[in-house]
Q: 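Take a look at the following structure, please.
In the text below, chain A, chain B and the rest are named by the order of the sequence lines, each starting its count at 1.
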Number of protein chains: 2
Amino acid sequence: MEKQEDFRACSVARTLRVLGDKWLFLILREAFFGVKNYDDFQAKLGIATNVLSGRLKTLVENGVLKREQDPADGRKVTYRLTEKGVDLYPIVLALMRWGDRWLADESGPPLILHHKPCGERLEPVTCCKACGGEVLAQDIRYEEAGGKPRGPDGRGT
Amino acid sequence: MEKQEDFRACSVARTLRVLGDKWLFLILREAFFGVKNYDDFQAKLGIATNVLSGRLKTLVENGVLKREQDPADGRKVTYRLTEKGVDLYPIVLALMRWGDRWLADESGPPLILHHKPCGERLEPVTCCKACGGEVLAQDIRYEEAGGKPRGPDGRGT
DNA sequence: GAAATTAGCTTGCAATCAGCAAGTTATTTT
DNA sequence: AAAATAACTTGCTGATTGCAAGCTAATTTC
């Protein structure tokens, strides 16, 4: 039980309690590509049906997707991203970006993204909202909410 | 086997073949906080030791961490991020950001990040490298590498 | 309007994986 | 030489996955 304490203390860990599974990310990816129905998720991902229904359930329970019955066809169910779900987009982009950069084969990235406002091909970068500069790992200083800064050895001072 | 085809076709999926597990993300988080040794990972995460050794092995095999023996003390091993590993930082930041925004309790985020170059508290945003604008999900157009654009229904046209 | 089809699941089962405790090996330190 | 430390490995039990099959309710076809 004590380790849960530490597990909960970080927002990365909290997010992973909602999203900490390969299939959850992939379902999410498909949702961003516009997939909405059970069978489409299944066909696109090749996921086992019991696992899919379980994962969809937890995503709905966690407020990432909303489940709606089609009024025109009572069999059909649509799963759509909530605002909370849409806000996961930077995570999906970051995953895709890294795969493009480090795991692409000779044919280049399998999917190309364009940024409609400027018309250019999208290369996502993580920036500081305050100054607009690109964020590099070595430029970040950590401070625990209690007030004590976290040393470079990862423990408290 | 055929579903692997589709699984491989997307860089998100490719990344998740390297990183598709809760523990891998958490080990990574600790690595960014400066943790380097086996026992420190274990203590910080409360992960089972067999699982930890397996995960560290796959991270090393995938070139995300490098394993080095301490020349001064032959018992000690350090795991350090490679360049490929450091480049995973935007993913960790994106996970943390979402958790801060959607899963924080009344006490606010448990860890605060500061951007040293500007001195301000870091709020990471995903931007378009070309135009510098913030990236919103609805502003992105998808195009499969083959050349055929991907429709809003998530399939090919 | 009965039979077939479709959408979205649930159930059962073998195999894999996680978590726990204990043990192992190779160094240091005392 | 004995004790401690770092980094693992092994054995066991119980949970989770993937696969195939079956189920149920709504809709389409004949």
Side-chain angles (χ1 to χ4, degrees), chain A residues 1-8 13 16-27 30-31 34-61 65-80 153-155, chain B residues 1-8 13 16-27 30-31 34-61 65-80 153-155:
Chain A
M1 281 291 129
E2 301 316 318
K3 65 202 154 198
Q4 279 288 52
E5 201 71 11
D6 194 46
F7 187 67
R8 282 201 197 125
L16 292 172
R17 282 197 293 155
V18 174
L19 217 63
D21 176 78
K22 181 188 73 172
W23 289 123
L24 294 167
F25 285 105
L26 291 172
I27 288 169
E30 292 304 326
V35 172
K36 292 184 195 60
N37 304 312
Y38 188 94
D39 284 0
D40 289 340
F41 281 114
Q42 208 286 317
K44 280 278 172 195
L45 297 174
I47 184 176
T49 57
N50 53 349
V51 177
L52 176 57
S53 69
R55 294 298 188 280
L56 288 172
K57 197 172 291 177
T58 76
L59 285 171
V60 169
E61 281 168 5
L65 295 177
K66 52 179 178 250
R67 193 192 127 112
E68 282 161 5
Q69 210 115 9
D70 185 337
D73 184 339
R75 294 168 306 175
K76 285 185 184 162
V77 170
T78 62
Y79 293 92
R80 237 145 357 117
D153 66 337
R155 266 36 95 50
Chain B
M1 281 294 127
E2 300 315 318
K3 65 202 153 197
Q4 279 287 52
E5 200 71 10
D6 194 47
F7 186 65
R8 280 198 200 129
L16 292 172
R17 281 197 294 155
V18 174
L19 218 63
D21 176 76
K22 182 188 72 172
W23 289 122
L24 294 167
F25 284 106
L26 290 173
I27 288 169
E30 293 303 326
V35 172
K36 291 183 196 60
N37 304 311
Y38 189 93
D39 284 2
D40 288 339
F41 282 114
Q42 208 286 319
K44 279 280 172 192
L45 297 173
I47 184 175
T49 57
N50 53 350
V51 177
L52 176 58
S53 69
R55 293 297 189 279
L56 287 172
K57 198 173 292 176
T58 76
L59 286 171
V60 170
E61 280 168 4
L65 294 178
K66 52 179 178 252
R67 193 194 126 112
E68 283 162 5
Q69 210 115 9
D70 185 338
D73 184 339
R75 294 168 305 175
K76 284 186 184 161
V77 171
T78 61
Y79 292 93
R80 236 144 0 114
D153 66 339
R155 269 33 97 51

Q: Please give, in whole Å, the distance from D:dA7 P to B:D39 CG?
A: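 For the pair B:D39 CG and D:dA7 P, the rounded distance is 5 Å.
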
Q: From the options D:dA6, D:dC8, C:dG8, select the nucleotide whose nearest atom is closest to the side chain of A:V77.
A: C:dG8

Q: Round to the nearest Å and state the distance from A:N37 atom CG to C:dT6 atom P.
A: 15 Å

Q: When you get a sec, tell me which of D:dT9, D:dC19, D:dC8 is the closest nucleotide to the side chain of B:R67?
A: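 Nearest listed nucleotide: D:dC8.
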
Q: Quickly work out the A:N50 CG to D:dA20 C1' distance and round it to whole Å.
A: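 Atom CG in A:N50 sits about 10 Å away from atom C1' in D:dA20.
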
Q: Would you say B:S53 places a side-chain N or O within less than 4.0 Å of OP1 or OP2 belonging to D:dT9?
A: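 Yes, B:S53 has a side-chain N/O under 4.0 Å of OP1/OP2 on D:dT9.
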
Q: When you measure from the side chain of B:Y38 to the backbone N and O of B:Y79, does any donor-acceptor pair fall under 3.5 Å?
A: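 No.
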
Q: Can you tell which of D:dG18, D:dC8, D:dA20 lies closest to the side chain of A:W23?
A: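 Of the candidates, D:dG18 comes closest.
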
Q: So which one's nearest nucleotide on DNA chain D is more toward 5', A:V51 or B:T78?
A: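 Final value for this comparison: B:T78.
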
Q: So, does the side chain of B:T49 form a donor-acceptor pair with the base of D:dT9 at under 3.5 Å?
A: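 Per atom types, the contact qualifies.
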
Q: In whole Å, I'd like the distance from the CG atom of B:D21 to the P atom of D:dT17.
A: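 Interatomic distance, CG of B:D21 to P of D:dT17: 11 Å.
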
Q: Measuring to OP1 and OP2 of C:dA7, would you say a side-chain N or O of A:Y79 lies under 4.0 angstrom away?
A: no

Q: Can you find a pair of side-chain heavy atoms, one from B:T78 and one from B:N37, that are under 4.5 Å apart?
A: yes

Q: Between A:K76 (NZ) and D:dT27 (P), how many Å, whole number?
A: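 Spelled out: NZ on A:K76 to P on D:dT27 is 10 Å.
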
Q: Using side chain to side chain donor-acceptor pair (under 3.5 Å) as the criterion, list what pairs up with A:E68, not counting sequence neighbours.
A: A:R80

Q: Counting only heavy atoms not in B:K66 (residues, nucleotides, ligands), do more than 12 fall under 6.0 Å from its NZ?
A: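 Enclosed: over 12 neighbouring heavy atoms sit under 6.0 Å from NZ of B:K66.
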
Q: In this structure, how many angstroms lie between the P atom of D:dT17 and the CD atom of A:Q42, rounded?
A: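 So the CD-P distance, A:Q42 to D:dT17, works out to 16 Å.
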
Q: For C:dC17, does either OP1 or OP2 sit under 4.0 Å from a side-chain N or O belonging to B:R55?
A: no

Q: Is the shortest heavy-atom distance from the side chain of A:L52 to the side chain of A:W23 under 4.5 Å?
A: no

Q: Check whether any side-chain heavy atom of A:R67 lies under 4.5 Å from a side-chain heavy atom of A:V77, and answer yes or no.
A: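 Of all side-chain heavy-atom pairs linking A:V77 with A:R67, at least one is under 4.5 Å.
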
Q: Heavy atoms under 4.0 Å is the rule here; annotate nucleotides 24-30 of chain C 5' to 3' with B where the base is hit, S where only the sugar-phosphate is, and - elsewhere.
A: ---BS--

